[in-house]
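The structure appears right after this line, and notes come after that.
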Amino acid sequence: MANQGGSQHGIARTSRVRTEAQRQRDLERIASYRVLEDDLRARVKNPRTAYADRASAQHVFDLTTRLLRLNPEYYTVWNIRRRALLVLLPAGPKARRGDCCDRSSCSCLGETQPSHGCPKAGRSGTTADDAGDHTSEENDEEKKQDDEETEKQTRTMLQTELEFTIPLLIESPKCYWIWSYRLWILRQSISRLPVPVARGIWQAELALASKMLTKDRRNFHAWGYRRHVVAQLESDALGGGSMVEAEFQYTEDKIRADLSNFSAWHSRSKLIPRLLEERGADEKARREFFEAELDKIHNALNVGPEDQSLWYYHQYLMLNLTTLPPNNEHTITPTLPIEDRIAFLRNELAEIRDLLEDYDNVKLIYEALIDLTLDLCRLEGKRKPDEEEKENLREWLGKMKELDPMRMGRWRDFEEGLRREWGVEA
Amino acid sequence: MSEDFSDIPEELYLATEAHVKYIQSLDTRKDEYDYWLTEHLRLNGLYWGLTALHLLGHPDALPRADAIDFVLSCQHENGGFGAAPGHDAHMLSTVSAVQILAMLDAFDELEKRGKGKEQVGKYIASLQNRQTGTFAGDEWGEEDTRFLYGAFNALSLLGLLHLVDVDKAVEHIAACANFDGGYGVSPGAESHAGQIFTCVAALTIAGRQDLIDKERLGRWLSERQIAGGGLNGRPEKKEDVCYSWWVLSSLEMIGKTHWINKSQLAAFILRCQDMEKGGISDRPGNMVDVWHTVFGIAGLSLLKYPGLQPVNEVYCMPKSTISRIFGR
């Protein structure tokens with residue numbers, strides 16, 4: 001029910017009255033679309049005949065090409081294309097060994113597909129690895145050529161599929177079905193091609209994800225897709241290793257280009273624990289890392305104190321100080337002594353207060369000051385605020401109410417909490 | 001308690017009749033190219049339209065018998081529903097089918113003329129990834145917290161939640177939580193209001209709201225309201241009527257709708273109406289569609305805007321339907 005496909009986002013309302021000529025044009029488009037759709041439906045009505053042989057499967061496949069170009073949201077047609085492709089793709093060496101299936105491609109087989117079984121009788125079960133079982137070297141040579149041919153064909157077909165979706169993705173970058181189909185094709189490469197070849201295909205995919213994120217820096221699909229592609233490239237299935245350093249650098253580049261890119265800040269927060277662990281960072285290195293991140297966010301806040309993205313990242317860094325052992329193994333500085341945490345918080349209060357000199361009408365600054373003050377009280381044995389702090393809290397809360405009356409209900413709840421938990425009377 | 005909407009200008013009012021006519025017209029637009037291009041959303045569209053009509057107080061504006069016939073015509077042997085006859089079964093359309101039958105009090109028709117509740121439940125349960133607890137949309141394996149929520153929604157309506165591993169699914173949602181209190185589409189993904197709705201609603205259905213950091217999440221959600229009164233879905237993004245539902249219902253579930261300005265949000269939604277021809281758009285002056293129409297109306301209902309039936313914040317269905325099914 002959260003599917004947004006087909007809804008009208010950001011298209012200006014125009015007169016809904018069509019001229020007769022426009023109506024006629026619509027009717028013609030509908031007619032040709034429906035002829036195509038009817039043709040495809042008639043063909044796949046009986047799955048046993050639709051994909052019975054290569055010629056039938058090819059015909060079905062070609063119809064999906066035409067239909068998807070007209071309507072990439074038509075998920076059933078993407079499924080039909082997958083079913084046809086499974087017939088058309090040669091059964092490769094990996095496939096013949098019987099380990100070709102990932103979860104999704106297998107589950108479809110029972111319903112609509114003859115099995116991947118080797119089409120060449122007698123070859124079933126042979127692989128490049130067990131070639132030694134065969135005595136005839138000629139046979140081996142012939143088989144090796146066959147395998148190379150199969151690999152080449154598979155590779156070409158999968159790459160053609162990836163290319164087919166590119167113009168569709170450029171047209172509809174938020175269409176879930178296209179992204180999902182691409183991933184399915186990519187998974188086929190893992191199950192059907194030698195690791196280095198499959199890896200090459202996934203690496204090219206990472207470049208595509210980067211390109212999409214250059215076009216739309218916050219595209220939710222593209223960021224998620226990128227994480228997925230990276231996880232695959234890191235996996236054993238693709239003979240991968242950690243890419244955490246490169247990905248961390250990627251967030252650095254994205255943030256440098258646009259401080260407001262919260263997607264990049266978020267990604268950074270998710271990479272940091274792994275980054276430090278893999279660097280084998282000791283206490284000192286972790287502390288320096290934390291200080292460098294603080295510097296970075298201070299510099300950013302000095303330029304854009306109204307930017308929520310920056311404050312969220314600031315909150316993330318402050319959580320590092322306020323989350324104590326034993327539940328903080330994923331923080332930047334898990335072993336930081338309590339006195340140092342307190343010192344950092346005090347320093348932070350001073351830094352953020354300095355911002356008020358240039359910006360006295362930014363609610364987010366006051367909110368941070370209140371958070372920091374209460375964090376400090378909590379870390380210092382959950383003490384009550386002293387008189388000066390109470391005065392500050394009252395003043396800052398007053399500022400928030402004044403600057404942000406939209407969230408008055410929240411400030412009132414907060415005020416009540418201040419009174420009840422911290423003894424700060426209004 | 002009625003809300004105060006007195007600061008909304010008089011010319012902004014709910015165009016109930018126009019919306020009813022707009023929704024009734026949706027299935028008569030067969031001479032429009034878009035009608036055919038959106039067939040993959042037909043069953044979702046029926047759920048959106050029917051929910052809007054129920055909330056507008058015109059539950060009979062679409063003929064009940066036709067709606068039931070259409071829903072049942074979309075069912076496959078495996079129990080799942082496709083978007084329309086000839087479309088493959090998918091979680092999203094299956095959930096819509098269950099919601100429509102629930103609203104129409106027609107589960108008995110599913111037993112008599114369809115494949116029966118149990119089969120629907122089995123189809124949904126077959127899409128759970130038993131290792132991670134999450135759900136796929138269909139046999140091809142795309143996973144997303146949207147599907148997890150859909151599964152919980154439909155299965156609980158059918159009384160069949162026991163068919164799935166609820167604890168595993170809950171663990172998966174917990175793994176999607178972020179430091180800002182929100183949830184993403186999968187572990188590691190950025191918080192997004194639509195995904196927060198799915199995760200918070202799924203946790204609510206599972207009776208596991210204890211896992212939610214309500215304070216932090218409430219702060220994040222309330223910051224989604226921006227100048228002009230509308231809500232956005234992520235920091236530094238534009239407002240959009242659909243978030244009137246995703247953000248507001250999430251706030252309602254954690255008891256914090258009063259953290260935003262209700263009257264300004266209501267005014268924003270009202271400004272997105274097409275007053276003459278009916279329907280609601282993403283932002284004022286844009287093209288309307290049934291998707292923004294239902295979420296705009298559901299948002300107004302949650303805000304207790306006058307003239308609307310109350311909506312349930314977890315299911316996005318009339319409260320009366322939910323009380324009838326769960327007996328509360």
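Because the structure is predicted, anything quoted here is derived from the model rather than measured. The chains referred to below are lettered A, B, ... by the order of the sequence lines, with proteins before strands, and numbering in each begins at 1.
Among A/N71, A/I30, A/D307, A/L183, the residue making the largest number of heavy-atom pairs under 4.5 Å with chain B is A/I30. Of the listed residues (B/K237, B/Q195, B/K238), the greatest number of heavy-atom pairs within a distance under 4.5 Å of chain A belongs to B/K237. Most heavy-atom pairs under 4.5 Å with chain B: of the set A/R25, A/E37, A/M406, this distinction falls to A/M406. Contact count against chain A (heavy-atom pairs under 4.5 Å) is highest for B/A83 among B/A83, B/G137, B/G150. When the candidates A/L271, A/L319, A/D404 are compared by the number of heavy-atom contacts under 4.5 Å with chain B, A/L319 comes out ahead. Ranked by non-hydrogen atom pairs under 4.5 Å with chain B, the options A/S309, A/G224, A/P405 are led by A/S309. Interface summary for chain A: among B/D88, B/N261, B/T257, B/D282, the most heavy-atom pairs under 4.5 angstrom belong to B/D88. Across B/R224, B/M91, B/K30, the residue that shares the most heavy-atom pairs under 4.5 angstrom with chain A is B/R224. By number of non-hydrogen pairs under 4.5 angstrom with chain B, the leading residue of A/Y75, A/Y74, A/F262 is A/Y75. For the set B/I260, B/V241, B/D180, B/N178, the count of heavy-atom pairs under 4.5 angstrom toward chain A peaks at B/N178.
Heavy atoms of B/S186 lying under 4.5 Å from chain A are absent altogether. Only the backbone of B/I226 has a heavy atom closer than 4.5 Å to any heavy atom of chain A. Looking at A/S180, the atoms closer than 4.5 Å to chain B (heavy atoms on both sides) all sit in the side chain, from C-beta outward. Heavy atoms of B/S93 lying under 4.5 Å from chain A belong exclusively to its side chain. Contact of A/S263 with chain B is made through backbone and side chain together, with heavy-atom distances under 4.5 Å. Residue A/D371 touches chain B through its side chain alone, counting heavy-atom pairs closer than 4.5 Å. Heavy-atom distances place no part of A/E28 under 4.5 Å from chain B, backbone and side chain included. For A/Y33, the part lying under 4.5 angstrom from a heavy atom of chain B is the side chain only. Residue B/D31 touches chain A through both its backbone and its side chain, counting heavy-atom pairs closer than 4.5 Å. Heavy atoms closer than 4.5 Å to chain A are found in the side chain of B/Q264, but not in its backbone.
Residues B/A189 and A/H266 share a closest heavy-atom pair of C-NE2, 3.2 Å. When all heavy atoms of B/S281 and A/R13 are compared, the pair lying nearest together is OG-NH2, 2.9 Å.
With respect to A/R410 and B/E223, a salt bridge is recorded, a charged nitrogen being found less than 4.0 Å from a carboxylate O. By the 4.0 Å N-to-carboxylate-O rule, A/R226 lies too far from B/E190 to be salt-bridged with it. Ion pairing between a basic and an acidic side chain is recognised when a charged N comes within 4.0 Å of a carboxylate O; A/E367 and B/R219 show such pairing. Between B/E39 and A/R41, at least one side-chain nitrogen of the basic residue sits less than 4.0 Å from a carboxylate oxygen of the acidic one, meeting the salt-bridge criterion.
Below 30°, between 30° and 60°, or above 60°: for B/W220 and A/Y312 the angle between ring planes is between 30° and 60°, a tilted geometry.
Heavy atoms from other residues, nucleotides or ligands lying under 6.0 Å from CD of A/E20 number more than 12. More than 12 non-hydrogen atoms from other residues, nucleotides or ligands lie less than 6.0 angstrom from CD of A/Q24.
A 4.5 Å side-chain heavy-atom check between A/R227 and B/P187 finds every atom pair outside the cut-off. Looking at B/R234 and A/Q308, their side chains never come closer than 4.5 Å, going by heavy atoms from C-beta outward.
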Test side chain to side chain contact (heavy atoms under 4.5 Å, CB included) on A/T76 and B/H90 and set out the steps.
CA-CA 9 Å; A/T76 303; B/H90 193 280; over 6 Å; no
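A side-chain donor from one of A/D413 and B/H258 sits under 3.5 Å from a side-chain acceptor of the other.
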